[in-house]
Each structure stands twice: as C-alpha cells, then as structure tokens.
Amino acid sequence: MAMPGWRLPETMTALPTRKLEAFRYTDLRALAAISFATNMATGQAGDLPALGIPRLVFLNGRFSAAHSDTIPFTRDFTPVADDGALPLAQINAGEAQDGITLDISEGVDAGAVLLVSHAAGTGPFAFHPRHRITLGAGARLVLVEVAQGDGVYWHNPVTDIVLHEGAKLAHYRLQDESREAFHLATIRVNIAGLAAYESFTACLGAKLSRAEFHARLHGARAHAHINAAQILGTTQLGDFTTVINHAAPDCASRQTVKSVLSGAARGVFQGRIEVDRVAQKTDGYQMTQALLLSPGAEMDIKPELQIFADDVKCSHGATIGALDPEQIFYLRSRGIPEAQAREMLIRAFLDEALEPVSFAPARELFEAKIAAWWAGT
Amino acid sequence: MFLDTDMLEIKNLTARIGDKEILRGLDLTVPDGEIHAIMGPNGAGKSTLSYVLSGREGYEVTGGAVIYNGQDILAMAPEARAAAGIFLAFQYPVELPGVGNANFIRTAVNAVRRARGQDELDAVAFLKLARAAVASLAMPDDMLKRNVNVGFSGGEKKRNEVLQMALLRPSLAILDETDSGLDIDALKIVADGVNALRGGTFSSLVITHYQRLLDHIVPDYVHVLAAGRIVRSGGPELALELEAHGYAGLEAA
C-alpha cells in the first residue's frame, strides 16, 4: 500500500504489539503495514449528520468553521505536551494538530452539542485529534459524537474529560467509520465527587476499531456509566476496553457491553475495575454479553477485578451465545417472518446497553443506525 | 362423506424425533366450527402432534398429510401457517426479555394482517383493541407493558397465550395442555377466551391430559391418542369415562 513520497511517521514504530497485555486480542499489524499521510487537505464534507443541536465538524481531522455552528464555550486548540504511558495517546500527542476544546463554566447547563468527524481522502491518511472537555462544578453537557468517512484512513482521537464536583456529562458515541478505516479512540475521564459520567458507544463501522476508556472516580459519590454495543460483520474487529479506577469511597460504576457478531467478525471486551484501598463502599457492576450469529464469529472477553478495599460490592458477568431457536419458533408461530423474528430478538438483546441514552435525538440516531444495519445484512 | 375443504384433515400421519417414532399413522378430521379434544397418557404423542401442526423444527414427518383449508400445511413455514389461521397455545410459553408484550403482539397481528393482504394497525388502533381484550380476559393492566412472559406466573403466561389468540383471531386454535399448572380461576379465564371465539368457522383442537378443562370448554368430540394413533373417538361423555377408568387398556382397543 506504500506510496512514493509518503512519509511513514516515526511514531508508527511505537504502535503497540500483542506482546502488550492491553493489546493481546487486537493485532495492529494490518495498521502498521500501511503508510499513512499525515497532512491531508480538507476533504469533501459528504453527508453530515444533523440533530437539531449546535454542530462542530472536523473534516479529515481539521476543524471546519464553514460547517460548524458558533458556540460560546469553545476554546482555541493548544498543542499537546508529552503524554503518559498509553501508547496510542503517545502517538496522538506527537501528531495532534487540532481538536475541540470545550470549557463549560461552573453551574452552566450547556445543552447538547454534536461533534462530527468526517474523513475522505485520496490515499491512506491519518489524523490524531485531541479533544478536551472540562465541566466546572455543577455544569452539564450532552455531547453526541459521530465518526464517519470513506476510504482508508486512521482516526486516532484522544478525548480528555474533566468533570468537577457535581458536573454531569452525557457522552454518546457513534463509531460509523468507513469499513476500510482504523479507529482507535482513547477516552480519559476524571470524575470528581458527586459528578456523573454517562456514556454509550455504538461500534458499527471500521475494519478495525478500539475504544479504550480510562475513568477515574476520585471524589466521593462519583458515578460512571460506560455502556457499548458492538454490531459487526464480515471480518470487522471491534475492541472495547475499559479501566475504571475507584479512588474514592461511595462511588458507583456500571458497564453493560453487548456484542452482536456475524460473518467472521471478532469482538473484544477487556474490562478492569480497580478499587483502591480508600474506596470503601464501592458499587461496581460489569456485564458483557455476546451474540454470535455465525460459526465464524469470535468473541474474546477478559474481565478483571482488582480490589484493595474490604467493604465493596463488585460483580461481573460474561456470556457468549447464539439466538435461541425456541424464541425464534415462538415468534414465527405468531406469524412473524423468520428474519423479522431474528431482528426483534437481536434488538431486544441490545436494549440494556442503550439504557443510558436518554437524549431523544441521540436515541433516534442510534435506533436508525441499528435498523439500517439489519437492512444491510 | 360431505366434502368441506374448510377444515383440518390429518391423514395417516407419521412423525419422529431422531430415531424415535412418535406418531404412527394418525387420522383425524376436525370440521369447521367444532371443538375436538385429544386426550391420552403421557408419551402418547400429544405435544408432538401440536408441534408438527405448527411447524416446529426437529420433528421429521415421515408420511401422511395434513390438509387445512385445502392447503398442505406440512410444506409451509410456521409463520405461513399462522397467516393461514393456525394458532398454537404453548404448553410452556417462551420468555422474551427485552421485547415488550404490546410491541410483540402488534408485530404479530400486523405480520398476519400483511400476509392476508389486510391493512396494518397503527399503534393507537392496536392499543385500543388490546386494552379491550386485556379487560375482557380480566388481566392486570400492566400485562401489555411488561416484557413477553418475563416474570409472569404460570397462570399469567397461559392468559397471555389467550390474549394473543384473542387478538390474532385464528380459525384453528391448538391448545397444548393449556390447563397444566392452572388454578381454577385461571382455567376459567382460558376457557372463556376459547368460548368467546366459538361459533362460525372457528375450530379448536384441545389437547389435555385431564378431563377438568373439558368441563369449561365442552368439546363436540373427544379422541384418545395412544402410542401415536387415535384409538377411540366419542362424545364428551368419553372424557368422563376416561376420568373414571384411566387410559389403561386403550392401546389394545
């Protein structure tokens, strides 16, 4: 795939391999084999989603004022200083040229914002946006993210979120990238006391994708709800990885991750709940379930609990299965055609994962995307 | 014999599960508007008959025919049989977590209406019908809002079968041991549901182990199924005789 004159970024050599425990199930060699251009001119806007809320648009990783609304709490992008131990965030730190910075002042309800990343280029290219979202004490925001595009590209966003005391962020992510694309997202959330982070990720697109969440609950009675639905076919790979660190007492974390895999798709879920010694009365819950629709589909699940406090409630569960023929027959015996019966049961399987999506326009967006997925299979 | 195509005709039906022969030459005719009871000991093939009629996978029909309204239904998919008017009330209704009962029944009603070339019902029109049916079957109001059969008691599951039947308006209802596990109040509600559909061309095959249900759904005919065949047929009094003397010796009859 390498094209003459196209630079292989030095940082590419820093791509994590499967020797790293965190990348044991997700092999990035297909990504490493491609030479990505790093400076792609702003591409065509294509069909951009609209939800009737202020929209911020990035085209090929660059902010496009022409397609974006003006909102009062955006700040200018500033370069990234050196970044910690996560290999993909390190690459992002070296390459980041743009990203959204939202700063919501104390007590302000900022409403809802749609953040769109649209990618379309003529050859393989990469972009590494760095988004920073800060909510002051008691502030509120609903952030809906859509990542989409055409062709071969690597989208490597890092989103750093800081929630001060009592702030509430609802974060809904639709990963609907090109089926030839690589999407490796890192989301780091720092959650102060009484603050709440509610999130749902729908993983539908990309050839290979990973969403890696690091949530740190560092004040008493903080709350994190990190759900996902991975709906994949052909030879797609979707990796959903979470690390939830309970660093203060009386915090709660909830994770429900559902995977629907057809063809020769592969799903990965790695979920770690860390409970520090001080984090007494932690309430942690993690459930992951996979529905394999074909013999070629595969799911790898690695739940981990690391508990140093002695008065905690932590539970986790994992199931992998197929559609139940009894349930299909019951629906068919009532006159519902087989394909529709299967669709109903798959949608029902996903229901619990979608539970945090209380913002109606986001719910409609996800429902429409999921419905379109059945139509395409 | 008067030839009426609007009826169920089972001719010399043989079926097996794996290597095990269950139905061994079963003959039965249910004319329009009649209710026939099928009684028999455990293992006689009662449930197999209901599953073969509704098209469940795993049962291999090895011979014979089942004609309903002039069509050979054995070649039809389960959903096509439902559209043709056949309804099976399950002995063990299936739980569907995440599927709302109202959505489930409306989807079924509209699938059947679509297959019959009728207009679909919108949510408002359907709910009006469904609420009326819920009320007439003395069911709790939240029955439609709950997930299908999830957390339902045994009696509620059976009543939910009757609710589906009332809204799907089949022309042939097969009740597979619907009385099992029911208390007398639930039994009466189930019987009322069937009796409400009685008349016109509605017919029913009531499969039961006990005579008790037949006090409330009085059949036109009673058949005894033993070792995969109908071994005796008679009027409602046959059920009372079986209740008094049991099934012993019937295989030889």
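Just so it is clear, the values below take in all heavy atoms, side chains as well, and ignore hydrogens, waters and symmetry mates. Source: prediction; values computed, not measured. Within every chain, numbering begins at 1; the chains are lettered A, B, ... in the order of the sequence lines, protein sequences first and strands thereafter.
- Contacts between B:R81 and chain A at a heavy-atom distance below 4.5 Å are absent for every atom of the residue.
- Remark: B:D122 CG is packed, more than 12 non-hydrogen atoms of other residues, nucleotides or ligands lying under 6.0 Å away.
- B:P97 approaches A:A348 most closely through the heavy-atom pair O-CB, 3.4 Å.
- Remark: A:Q340 CD to B:T107 OG1 distance equals 6.0 Å, nearest 0.5 Å.
- By the 6.0 Å contact criterion, CG on B:D142 is enclosed, its count of non-hydrogen atoms from other residues, nucleotides or ligands being greater than 12.
- Here the OH atom belonging to A:Y330 is positioned 10.0 Å from the CD atom belonging to B:E95, to the nearest 0.5 angstrom.
- Ring geometry for A:F329 against B:Y51 counts as perpendicular: the plane angle is over 60°, on a 0 to 90° scale with 30° as the lower cut.
- The number of heavy-atom neighbours closer than 6.0 Å to CZ of A:R363, taken from other residues, nucleotides and ligands shown, is above 12.
- Between A:E326 and B:R56, the closest side-chain pair of non-hydrogen atoms falls below 4.5 Å.
- For chain A, the nearby parts of B:F104 are the backbone and the side chain; heavy atoms of each come within less than 4.5 Å.
- Taking CD1 of A:I328 as the start and CD of B:E57 as the end, the distance is 8.5 Å to the nearest 0.5 Å.
- Looking at heavy atoms from C-beta onward, A:I336 lies out of side-chain contact with B:E79 at the 4.5 angstrom threshold.
- If you measure heavy-atom distances from A:E338 to chain B, the contacts under 4.5 Å come from both the backbone and the side chain.
- Here A:G335 is the residue among A:P325, A:S333, A:G335 with the most heavy-atom pairs under 4.5 Å with chain B.
- Within the 4.5 angstrom heavy-atom criterion, atoms from both the backbone and the side chain of B:L96 approach chain A.
- The number of heavy-atom neighbours closer than 6.0 Å to NZ of A:K207, taken from other residues, nucleotides and ligands shown, is 12 or below.
- The closest donor-acceptor contact from the side chain of A:R334 to the backbone of B:L88 lies under 3.5 Å.
- Listed in order of number, the residues of residues 149-162 of chain B that approach chain A to under 4.5 Å between heavy atoms are B:N149, B:E161.
- Counted within 6.0 Å of CZ on A:R140, heavy atoms from surrounding residues, nucleotides or ligands total 12 or fewer; the atom is thus considered open.
- In B:R131, the CZ atom is not crowded: 12 or fewer heavy atoms of neighbouring residues, nucleotides or ligands sit closer than 6.0 Å.
- With hydrogens and angles disregarded, no donor-acceptor distance shorter than 3.5 Å links the side chain of A:Q327 to the backbone of B:V94.
- Taking a 6.0 Å sphere around CG of B:D72, one finds it holds more than 12 heavy atoms contributed by other residues, nucleotides or ligands.
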